[in-house]
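Source: prediction; values computed, not measured.
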Amino acid sequence: MKRIRAFVVDDEPPARKRLVELLEREPDIEVAGVFARPGEALEAMERASPDLLFLDVQMPELDGFAVLERSKADPPPVTVFVTAYDAYALKAFEVQALDYLLKPFSDERFEAALARARQRLASREREALGERLLSLVEGDRAARSERFLERVVIRKPGRILFLDVAAIEWIEAAGVYVTVHEGGREHLLRESLGALETKLDPSRFARIHRSTLVALDRVKELRIDDAGGHRVVLRDGSTLRLSRRHREGLEDRLSEAR
């Protein structure tokens, strides 16, 4: 279990002692720093950012608001102000403090503040996880786009055609060649269907027959003919044979496509 790292900053020894005793009762809390001087607390926060900060408002040198203002902790700790004066409550919430404990406070009031702190930290952790997952997905997409072909090179008499993969509708095997179908045109490419398939993004192309690859975004519908055979109908009207072996997988791929 990951423990919550807490700092206590208060210039009054009895107040510090009480907060530490209460925190040490909690198995998920690590009291990582106890400070009487706000300057020392700031230095420690730069070295190791706490998750949770119990911070007195009125202290010599710097008050609690100045501590937060000068702190370079990233992310900033979840902060609970602790003070004997209720006059600072509004300002505490203006600087986005989580809670405001008015001395003397009961054990129950402390537990309520700690429960809110746990919720805030859990929410922050979920958000951070979401950002990390999004970053991984985006990184995977970038890696995929670099790994798979974006264009194929078609050599024709007297010219070389650079054909965008996004324009390809379907591909069929033709011995040691493949025929690439694009916009009603056919292009002969000297490469086997299996070798070309490994170079194409599998999220964009699917095998529908041992001799045929199809672009998923060009599929309009699936049909069953009078003889019980399955066919793939493309947006341009082309009708292609769909083998039983590949039918179920193609249906799943099409239902998942965005």
Side-chain angles (χ1 to χ4, degrees), residues 2 74-75 122-258:
K2 180 182 177 182
D74 185 23
S123 175
R124 182 183 286 183
E125 184 67 24
R126 287 194 296 271
E127 290 173 4
L129 177 60
E131 291 174 0
R132 289 196 296 272
L133 290 175
L134 180 60
S135 176
L136 287 172
V137 169
E138 289 175 345
D140 180 62
R141 286 174 180 165
R144 254 191 345 201
S145 66
E146 293 175 1
R147 188 166 67 245
F148 298 115
L149 287 177
E150 291 297 329
R151 295 193 297 178
V152 293
V153 180
I154 308 291
R155 300 182 182 277
K156 295 178 177 286
R159 66 193 180 109
I160 299 175
L161 174 65
F162 298 94
L163 180 63
D164 287 341
V165 167
I168 297 173
E169 292 155 348
W170 61 289
I171 306 168
E172 63 179 327
V176 294
Y177 292 84
V178 293
T179 301
V180 178
H181 296 261
E182 168 265 334
R185 294 177 287 272
E186 297 182 357
H187 309 284
L188 200 62
L189 176 64
R190 187 177 176 82
E191 188 155 19
S192 71
L193 188 67
L196 182 58
E197 184 179 12
T198 64
K199 300 176 183 178
L200 296 174
D201 188 341
S203 71
R204 297 167 66 179
F205 289 87
R207 181 82 71 132
I208 62 170
H209 187 270
R210 60 183 174 83
S211 62
T212 312
L213 284 172
V214 70
L216 292 169
D217 65 352
R218 302 305 177 101
V219 176
K220 180 180 180 182
E221 61 180 301
L222 304 182
R223 290 181 184 170
I224 301 177
D225 60 27
D226 294 340
H230 290 79
R231 298 287 184 268
V232 174
V233 181
L234 304 187
R235 297 186 186 280
D236 69 351
S238 301
T239 301
L240 310 175
R241 182 182 174 188
L242 172 61
S243 70
R244 181 174 300 178
R245 174 187 172 189
H246 294 100
R247 177 173 57 85
E248 185 175 334
L250 179 63
E251 290 180 7
D252 291 341
R253 297 278 300 281
L254 290 171
S255 66
E256 294 170 357
R258 296 289 185 266

Provide the closest heavy-atom pair for [X] versus [Y] in the form atom of the first, atom of the second, distance.
X: Val153; Y: Leu189; result: O-CD1, 3.2 Å
X: Thr179; Y: Ala174; result: OG1-CB, 4.0 Å
X: His181; Y: Glu172; result: NE2-OE2, 2.9 Å
X: Phe205; Y: Ile168; result: CE2-CG2, 4.0 Å
X: Leu193; Y: Arg210; result: CD2-O, 3.7 Å
X: Trp170; Y: Thr212; result: CE3-CG2, 3.9 Å

Rounded to the nearest 0.5 Å, how far does [atom2] of [Y] lie from [atom1] of [X]?
X: Ile160; Y: Arg155; atom1: CD1; atom2: CZ; answer: 4.5 Å
X: Arg223; Y: His230; atom1: CZ; atom2: NE2; answer: 13.5 Å
X: Arg245; Y: His209; atom1: CZ; atom2: NE2; answer: 10.5 Å
X: Leu163; Y: Glu182; atom1: CG; atom2: CD; answer: 5.0 Å
X: Ile154; Y: Leu188; atom1: CD1; atom2: CG; answer: 8.0 Å
X: Leu161; Y: Lys156; atom1: CG; atom2: NZ; answer: 6.5 Å

Return yes if some donor-acceptor pair links the side-chain N/O of [X] with the main-chain N/O of [Y] below 3.5 Å, else return no.
X: Asp201; Y: Ser203; result: yes
X: Arg235; Y: Asp217; result: yes
X: Arg244; Y: Arg247; result: no

Problem - The single option from Ile208, Leu254, Val233 passing side chain to side chain contact (heavy atoms under 4.5 Å, CB included) against Leu222 - result: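 Of the listed options, the one satisfying the test is Leu254.
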
Between [Y] and [X], is there a side-chain heavy-atom distance shorter than 4.5 Å?
X: Leu149; Y: Leu196; value: yes
X: Lys220; Y: Leu234; value: no
X: Arg231; Y: Arg241; value: yes

Exercise for the section: Test salt bridge (charged side-chain N to carboxylate O under 4.0 Å, His left out) on Arg204 and Glu150 and set out the steps. Expected result: CA-CA 11 Å; Arg204 297 167 66 179; Glu150 291 297 329; 3.6 Å; yes

